[in-house]
Amino acid sequence: MRTIHDLDTVELLLDAQSLLDSVRGPERVIDAGTLRALQQSGNYVVGLFDDEGGGKRMVGASIAFFGEPGRRTMHSHITALLPEYRGKGWGRELKEHQRQWAFSRDVGRITWTFDPLVARNAHFFLTVLGARVTGYSVNLYGIFGGGDAGDESDRLDVEWSLADIAGPPPADSVVETLEIPDDIESMRASDPDAAHEWRMRLRAEMEALLGRGLRIGGFETGRGYLFTE
């Protein structure tokens with residue numbers, strides 16, 4: 001059994017800080033004080049809990065804040081899940097909770113960024129959730145640890161239109177594909193030079209395809225990013 005609820009005590013916020021640190025590495029993504037400020041000002045600060053056996057263990061967290069006034073948007077800063085809980089529907093339930101929370105506050109779109117080399121995220125965000133790619137940024141956050149493991153932090157910008165979920169592009173509309181590694185995260189640990197080469201290669205190919213006026217219409221495991229005109 002699992003539950004999702006607001007992180008509204010100091011103890012829960014500190015637990016969330018520790019969980020995010022464990023998932024993202026030594027470079028802290030967000031501290032408990034900032035989480036408290038976001039929570040107190042009415043933003044989305046929740047935890048996902050495993051209630052198995054009568055306990056209540058925090059296994060995931062999601063943080064989002066409201067965007068520019070008048071645009072009816074939120075920006076999802078981070079959604080993280082412990083590795084042993086991935087691939088079991090828990091992450092999807094957490095994002096669906098975020099979607100319903102946003103709907104109840106008249107928010108129509110949620111934006112976020114992700115590393116285009118991480119295949120599991122590309123599949124989850126573009127194929128499972130139906131978000132749309134809106135842009136590509138080179139070294140958006142600079143060089144830091146965490147998921148990038150000291151490499152440059154290129155990102156895809158995505159927008160999740162909550163009432164208009166994107167589907168996969170029709171097969172005959174796909175004009176180019178761009179393959180990525182199955183598991184860049186393991187490669188970063190075992191061969192960081194090879195992982196960096198992938199970063200540079202993907203950057204060059206992504207910029208060339210987008211420079212031709214193509215757009216990313218989806219993602220397919222085994223083929224990579226699907227480009228349409």
Side-chain angles (χ1 to χ4, degrees), residues 15-31 34 48 58-64 75-92 94-95 111-129 131-158 160 176-210 216 218-227:
D15 285 348
Q17 176 184 278
S18 296
L19 182 143
L20 295 172
D21 286 350
S22 73
V23 171
R24 295 300 298 269
E27 299 291 334
R28 177 161 290 164
V29 177
I30 193 166
D31 61 84
T34 304
L48 173 63
M58 188 186 300
V59 300
S62 186
I63 317 301
H75 185 76
S76 183
H77 180 56
I78 184 171
T79 297
L81 193 64
L82 294 177
E84 61 266 34
Y85 288 87
R86 295 171 187 164
K88 300 177 180 179
W90 291 59
R92 184 169 189 174
L94 187 54
K95 290 299 286 186
T111 63
W112 64 86
T113 68
F114 75 94
D115 184 344
L117 279 171
V118 181
R120 63 179 177 83
N121 283 345
H123 169 75
F124 180 56
F125 296 147
L126 305 186
T127 307
V128 177
L129 295 183
R132 295 175 173 87
V133 174
T134 58
Y136 174 73
S137 301
V138 172
N139 201 23
L140 182 62
Y141 303 110
I143 298 174
F144 66 107
D148 296 281
D151 203 354
E152 297 185 36
S153 55
D154 290 13
R155 293 291 186 268
L156 284 175
D157 306 306
V158 299
W160 198 19
E176 295 283 357
T177 62
L178 182 51
E179 188 179 1
I180 60 174
D182 292 334
D183 188 358
I184 192 67
E185 294 160 301
S186 294
M187 187 186 298
R188 284 174 176 150
S190 63
D191 193 346
D193 289 340
H196 177 70
E197 288 177 8
W198 265 106
R199 170 70 80 209
M200 295 299 104
R201 185 186 316 158
L202 182 69
R203 178 186 296 176
E205 294 178 352
M206 188 77 74
E207 289 183 325
L209 291 168
L210 295 175
I216 298 174
F219 182 85
E220 185 177 312
T221 301
R223 296 180 71 194
Y225 292 100
L226 310 177
F227 286 79

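Not measured: the values here are computed from a predicted model.
Among residues two or more places apart in sequence or in another chain, the salt bridge (Lys or Arg N to Asp or Glu O under 4.0 Å) test is passed with R132 by D164. Legend: residues meeting side-chain contact (heavy atoms from CB on, under 4.5 Å) with S22, ordered by chain and number and at least two apart, are L82. Under the rule for a salt bridge (Lys or Arg N to Asp or Glu O under 4.0 Å), R201 has no partner lying at least two apart in sequence or in another chain. By the ring-ring contact (aromatic ring centres under 6.0 Å, His included) test, H75 pairs with F65, sequence neighbours left out. In this structure, R92 has no salt bridge (Lys or Arg N to Asp or Glu O under 4.0 Å) partners at least two apart in sequence or on a different chain. In this view, D182 satisfies the side-chain hydrogen bond (donor to acceptor under 3.5 Å, both in side chains) rule with no residue, not counting sequence neighbours. Scored by the side-chain contact (heavy atoms from CB on, under 4.5 Å) test, A64 finds Y44, M74, S76, Q98 as partners (sequence neighbours excluded). Listed by chain and number, the residues in a ring-ring contact (aromatic ring centres under 6.0 Å, His included) with F114 are F125 (sequence neighbours excluded). Take Q17 and apply the side-chain contact (heavy atoms from CB on, under 4.5 Å) test, not counting sequence neighbours, and it matches L14, D21, R28, D31, A32. E207 is linked by a salt bridge (Lys or Arg N to Asp or Glu O under 4.0 Å) to nothing, counting only residues two or more places apart in sequence or in another chain. Residues satisfying the side-chain contact (heavy atoms from CB on, under 4.5 Å) criterion with D157, sequence neighbours excluded, are T113, T134, S137.
Closest non-hydrogen pair, L129 versus W160, comes out as O-NE1, 3.0 Å. Nearest approach of G60 to L19, heavy atoms of both residues: N-CD1, 3.5 Å. Taking each heavy atom of Y136 and L156 in turn, the nearest pair found is CD1-CD2, 3.7 Å. Here the shortest heavy-atom pairing between A119 and F219 reads O-CE2, 3.9 Å. Of all non-hydrogen atoms in A195 and D151, the two that sit nearest each other are O-OD2, 4.1 Å. Shortest non-hydrogen contact noted between L20 and A61 is CD2-CB, 4.4 Å.
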(request) Could you walk me through whether H196 and R188 pass side-chain contact (heavy atoms from CB on, under 4.5 Å), step by step? (result) CA-CA 8 Å; H196 177 70; R188 284 174 176 150; over 6 Å; no
(message) Please determine whether side-chain contact (heavy atoms from CB on, under 4.5 Å) holds for the pair R203 and E152, giving the CA-CA distance in whole Å, both sets of side-chain angles, and the decisive distance to 0.1 Å.
(response) CA-CA 11 Å; R203 178 186 296 176; E152 297 185 36; 2.7 Å; yes
(request) Apply side-chain contact (heavy atoms from CB on, under 4.5 Å) to the pair T79 and L94, showing each step before the final yes or no. (result) CA-CA 8 Å; T79 297; L94 187 54; 3.7 Å; yes
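Among V133, T177, L126, the one residue that satisfies the side-chain contact (heavy atoms from CB on, under 4.5 Å) test with Y225 is L126.
Between the CD1 atom of I184 and the CG atom of N121 there is a distance of 12.5 Å, given to the nearest 0.5 Å. Going from atom CE of M200 over to atom CD of E205 covers 12.5 Å, rounded to the nearest 0.5 Å. With rounding to the nearest 0.5 angstrom, the CG atom of L140 is 6.0 Å from the OG atom of S153.
With respect to the salt-bridge test (charged N to carboxylate O, under 4.0 angstrom), the residues D115 and R199 qualify.
Residues E176 and L226 have side chains not in contact (no heavy-atom distance under 4.5 Å, counting atoms from C-beta outward). The shortest side-chain heavy-atom distance between T111 and V158 does not fall under the 4.5 Å cut-off. Side-chain contact between V128 and K95: absent, with no pair of heavy atoms (C-beta onward) separated by less than 4.5 Å. You'll find the side chain of R120 reaches within 4.5 Å of the side chain of E185, heavy atoms only. Residues P181 and L117 meet the side-chain proximity criterion, which asks for heavy atoms closer than 4.5 Å.
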For a quick test of your reading: what N or O donor-acceptor pairs under 3.5 Å do the side chains of residues 84-91 make, sequence neighbours left out?
unit_1 : atom_1 : unit_2 : atom_2 : d
E84    : OE2    : R57    : NH2    : 3.2
Y85    : OH     : D50    : OD2    : 2.6
Y85    : OH     : R57    : NH1    : 3.3
R86    : NE     : L81    : O      : 3.1
R86    : NH2    : L81    : O      : 3.1
K88    : NZ     : E84    : O      : 3.0

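In terms of modelled atom types and a separation under 3.5 Å, the side chain of D154 and the main chain of V138 share no donor-acceptor contact. For the pair T34 (side chain) and I30 (backbone), a donor-acceptor distance under 3.5 Å is absent.
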